[in-house]
2 protein chains.
Amino acid sequence: MATQGQNTLLVAANKLKNNKIKNTPQRQVILSYLMTSHDHPSIEMIFKYVRKNGFSVSLATVYNTLQLFVDHNLIIEIAADSGGHMRYDYFEIPHYHVICVNCNKIVDVFDDSYKKNEKIATVETGYQVLNSQYEVYGICPECQRKIKEKEDKI
Amino acid sequence: MATQGQNTLLVAANKLKNNKIKNTPQRQVILSYLMTSHDHPSIEMIFKYVRKNGFSVSLATVYNTLQLFVDHNLIIEIAADSGGHMRYDYFEIPHYHVICVNCNKIVDVFDDSYKKNEKIATVETGYQVLNSQYEVYGICPECQRKIKEKEDKI
DNA sequence: ATTATTGCAAAGGCTTTGCACTAAG
DNA sequence: CTTAGTGCAAAGCCTTTGCAATAAT
């Protein structure tokens, strides 16, 4: 988790301006974090990150800001991890998430073929489809190794 | 939401026995509800349903029981609806969910083609894939109608 | 100058926990 | 008979809310 560079803050500031969202330091930092990291952070991770980078924030502001970004379709909420926490992700390019059920690590797969199912869903249900999400659950390579080590000891 | 028939309770009881889960009235009713309804109920819906059918339950038991069923892969948790509540679904035949962002109504689509992406995910990430979920968000036909009526009035 | 955002602290709501009672195998 | 499940109430945790201070355009 590197310290926020000045330039990514400017990119975020521009994104806010384009979306007619009032610029505040908190919003810039939160958005730039979501844009540049692949952490898929939780509320708490975002809260800590902003403070670690020398900005003031309250949890209330983090909640407000994320809701605002979701409403503007800048980011998406990802289904709760196994601790029951929502995770957030900047969502410009369609992709899906592969989630480790052991350590909750989330990685992206940039393949939008899952979106094809939206057409089928429209026809089958009559719903006016707005978007869709695909999530894969499994065990990450690191946890596979750890589990194997444990088993070998027995 | 029809009253629970005796036979579906027996089916549920058998399912529990096959999974070596101790049979209790609460578990039978909850499982039979999930097996036969297409409600994709929330915790609260399940709680009310069980009491409405003349059985005693506490919320703690509902939470315990659902966790138990999830652990035994009898049911799945569906991502929170817009009220932030988890929804539960009996999951024997692969299918995905189409969720109304307005009224939270959930319908099934019995098409398992989304599962194909699991192979891609395995290759791309090295994760040992256990399962995957696909969710489509949109507006149900009924809400489309309601929204149209409102607009026509303006 | 005007309007929106921030942040604190308190309130709210959902979920979990501990423990005594009761039921299942 | 032994082990496990249920249910109540209390505790815990996350999220939301109200309002005064502050910052953005």
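The chains referred to below are lettered A, B, ... by the order of the sequence lines, with proteins before strands, and numbering in each begins at 1. The model shown is predicted, which means the values in this text are computed figures rather than measured ones.
- Contacts of A:Lys15 classified as salt bridge (charged side-chain N to carboxylate O under 4.0 Å, His left out), with partners at least two apart in sequence or in another chain: A:Glu92.
- Across A:Gly126 and B:Pro141, no two heavy atoms sit closer than the pair O-CG, 3.6 Å.
- Listed by first and then second residue, the salt bridge (Lys or Arg N to Asp or Glu O under 4.0 Å) pairs that reach into residues 110-125 of chain B are B:Lys115-B:Glu118, sequence neighbours excluded.
- Of the residues A:Ile43, A:Val62, A:Ile76, the one that meets the side chain to side chain contact (heavy atoms under 4.5 Å, CB included) test with A:Tyr88 is A:Ile43.
- The distance from atom CG of A:Leu16 to atom C1' of D:dT25 is 14 Å, rounded to the nearest whole Å.
- A donor-acceptor contact under 3.5 angstrom links the side chains of B:Tyr33 and B:Asp39, judged on distance only.
- Other members of the cluster containing B:Phe110 are B:Ile93, with ILVMFWY side chains joined at under 4.5 Å, either directly or via other members.
- Partner of B:Gln28 under the side chain to side chain contact (heavy atoms under 4.5 Å, CB included) criterion, out of B:Val50, B:Leu16, B:Thr8, B:Val11: B:Leu16 alone.
- A salt bridge (Lys or Arg N to Asp or Glu O under 4.0 Å) check over residues 127-146 of chain B, counting only residues at least two apart or in different chains, returns the pairs B:Glu142-B:Lys146.
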Under 3.5 Å, which N/O atoms of the protein pair with N/O atoms of nucleotides 19-22 of chain D?
none

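- Remark: P of C:dG13 and CZ of B:Phe47 are 16 Å apart, rounded to the nearest angstrom.
- Rounded to an integer number of Å, the gap from B:Met45 CE to C:dC14 P is 15 Å.
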Q. When you check every protein heavy atom under 4.0 Å of nucleotides 3-17 of chain D, what one-letter string (B, S, -) results, 5' to 3'?
A. BSSSBB-----SSBB
